[in-house]
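These values consider heavy atoms only, across backbone and side chains, with no hydrogens, waters or symmetry-generated copies. Both counts, for ligands and for their atoms, begin at 1 and track the order of listing.
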Amino acid sequence: MGKLLIVGTVAFDAIETPFGKTDKILGGAATYIGLSASQFGIQSGIISVVGGDFPEDYLNMLNSKNIDTTGIEIKSQGKTFFWSGKYHNDLNTRDTLITDLNVLADFNPVVPENFVDCDFLMLGNLHPSVQMSVIKQIPKRPKLVVLDTMNFWMDNTLVELKEVIKKIDVITINDEEARQLSGEYSLVKAAEKIHKMGPKYVVIKKGEHGALLFHDGNVFFAPALPLEEVFDPTGAGDTFAGGFIGYLASTYDISFENMKRAIIFGSNLASFCVEKFGTERMENLSQREIQNRLKQFKELTQFEIELN
Ligand code: AMP
């Protein structure tokens, strides 16, 4: 079983969907990744920064899931990163209303001593220089480095982003971001171009339409489970990434065949995340529910066909 280190935001989010609205609730990419990966019973830790306004209860909740939070710096004089977004009726698109970097503006990540030897590294969506700084603090290259990013960093820090992309094994991005990064409309061509930038594996997330895994001329596709109720898509991408790397860390196997299973585990966990606002569903999820839904996934994708 591998040790997983996660870097990313631990945040306050205020979310509006067609079904309701929240005040500031717990959010952040690293939070969702950690909660998702914790389902695999692995040793994991988060590197992030929060302000003095961040409730201790949230840290206790993460600790109760066996997530090490010693790498979450608390700047008592500062305020926690705040993001606010509003979803359109299709729930696939959203407008960012507010991004207050606050303590994140001058974040200097420090890898805790007991995670310097991590086997799996998840670079959550953050400034690429922060992602790079974490890579540089780990003397022995981890078995697998996965990076998630978004259009915000492509628009503002493309040079730094391309530098860090050179150093990773797997990139997870959504379809529009893959198009933006590569300049190609076809996702197959986009994946090819992104491969050439560094990562051997390219995962393209397509929201409610599933996810694609590209590697060395091969492609694997996993659908998203058709759900009766989608309440709030926030964090689905991070939950997917957390499930993906969490499964790989728990099996200590980074073969393409195992990555296909990891994609299914990621999609499965993401399907829970969207059922309630914020992290609520991920905080209260049983192994039994996960297993039952995996069965549904299997049924959804299995078919018999005669080949001549
Ligand atoms: P997702 O829905 O998977 O894209 O992730 C949503 C989470 O990303 C929210 O909980 C936010 O706190 C966090 N977030 C939003 N904007 C940014 C940003 N520019 N950098 C890092 N994290 C962000």
Side-chain angles (χ1 to χ4, degrees), residues 6-17 22-37 46-51 54 58 62 72 79-88 91-105 107 109 122-131 134 146-157 160-161 164 171-178 203-208 211 224 230-245 266-267 269-283:
I6 301 158
V7 59
T9 44
V10 171
F12 287 135
D13 289 348
I15 303 158
E16 195 175 337
T17 80
T22 68
D23 279 332
K24 282 187 179 181
I25 57 171
L26 174 62
T31 310
Y32 283 103
I33 294 167
L35 285 173
S36 184
I46 292 178
I47 307 182
S48 196
V49 61
V50 294
F54 194 74
Y58 287 164
L62 293 171
I72 303 182
K79 282 171 77 179
T80 300
F81 172 76
F82 173 60
W83 174 80
S84 162
K86 183 176 175 179
Y87 287 85
H88 301 168
L91 286 174
N92 266 334
T93 45
R94 70 182 178 205
D95 293 326
T96 289
L97 305 177
I98 304 168
T99 303
D100 283 338
L101 290 178
N102 297 328
V103 287
L104 210 69
F107 176 37
M122 178 71 225
L123 302 167
N125 175 29
L126 260 185
H127 196 301
S129 309
V130 172
Q131 296 175 319
V134 172
V146 180
L147 173 141
D148 187 50
T149 189
M150 70 187 292
N151 52 354
F152 181 83
W153 306 115
M154 293 173 200
D155 292 337
N156 299 302
T157 57
E160 293 99 318
L161 181 62
V164 72
I171 185 168
T172 69
I173 41 176
N174 73 29
D175 41 3
E176 278 319 303
E177 291 155 358
V203 177
I204 301 184
K205 302 172 283 182
K206 290 163 62 67
E208 64 170 334
V230 177
F231 224 73
D232 168 22
T234 308
D238 304 311
T239 301
F240 170 87
F244 176 78
I245 200 164
S267 303
L269 286 165
S271 77
F272 289 104
C273 174
V274 302
E275 288 182 335
K276 295 219 165 124
F277 269 114
T279 56
E280 192 185 337
R281 192 69 176 96
M282 297 311 293
E283 286 180 44

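- Atoms of ligand 1 found under 4.0 Å from any heavy atom of Gly27 (numbered from 1 in listed order, with element): 10 (O).
- For the residue pair Trp83/Asp100, the side-chain donor-acceptor check at 3.5 Å is not satisfied.
- Proximity to Ala11 (heavy-atom distance under 4.0 Å) selects the following atoms of ligand 1: 12 (O).
- Across the listed options Trp153, Tyr32, Phe81, Phe152, Phe81 owns the non-hydrogen atom lying nearest to atom 14 (N) of ligand 1.
- Set against the non-hydrogen atoms of Met150, the atoms of ligand 1 under 4.0 Å away are 18 (C), 19 (N).
- Closest protein heavy atom to atom 5 (O) of ligand 1: Asp238 OD2, 2.8 Å.
- Phe82 is not listed as a side-chain neighbour of Leu101, based on a closest heavy-atom distance of 4.5 Å or more.
- The ligand atoms of ligand 1 that sit less than 4.0 angstrom from a heavy atom of Gly28 are 9 (C), 10 (O), 12 (O).
- The distance criterion of under 3.5 Å between nitrogen or oxygen atoms is met by Asp13 with respect to ligand 1.
- Set against the non-hydrogen atoms of Gly235, the atoms of ligand 1 under 4.0 Å away are 1 (P), 2 (O), 3 (O), 5 (O), 6 (C).
- Between the side chains of Asn151 and Glu176, no donor-acceptor pair of N or O atoms lies under 3.5 Å.
- For Asp95, the CG atom counts as densely surrounded, since its 6.0 Å shell holds more than 12 non-hydrogen atoms of other residues, nucleotides or ligands.
- Between Met282 and Leu269 there is a side-chain heavy-atom pair separated by less than 4.5 Å.
- Nearest to atom 22 (N) of ligand 1 among the protein's heavy atoms is Thr9 OG1, 3.2 Å.
- What sits closest to atom 16 (N) of ligand 1 on the protein, heavy atoms only, is Trp83 CD1, 3.5 Å.
- Between Asp148 and Lys205 there is a salt bridge, since a side-chain N of the basic residue sits under 4.0 Å from a carboxylate O of the acidic one.
- Residue-ligand proximity, Arg94 to ligand 1, at heavy-atom distances under 4.0 Å covers atoms 1 (P), 2 (O), 4 (O).
- The aromatic ring centres of Phe12 and Phe54 sit less than 6.0 Å apart.
- Ranking protein heavy atoms by distance to atom 21 (C) of ligand 1, first place goes to Asn125 O, 3.1 Å.
- Looking only at atom types and distance, the side chain of Thr234 has a donor-acceptor partner in the side chain of Tyr87 under 3.5 Å away.
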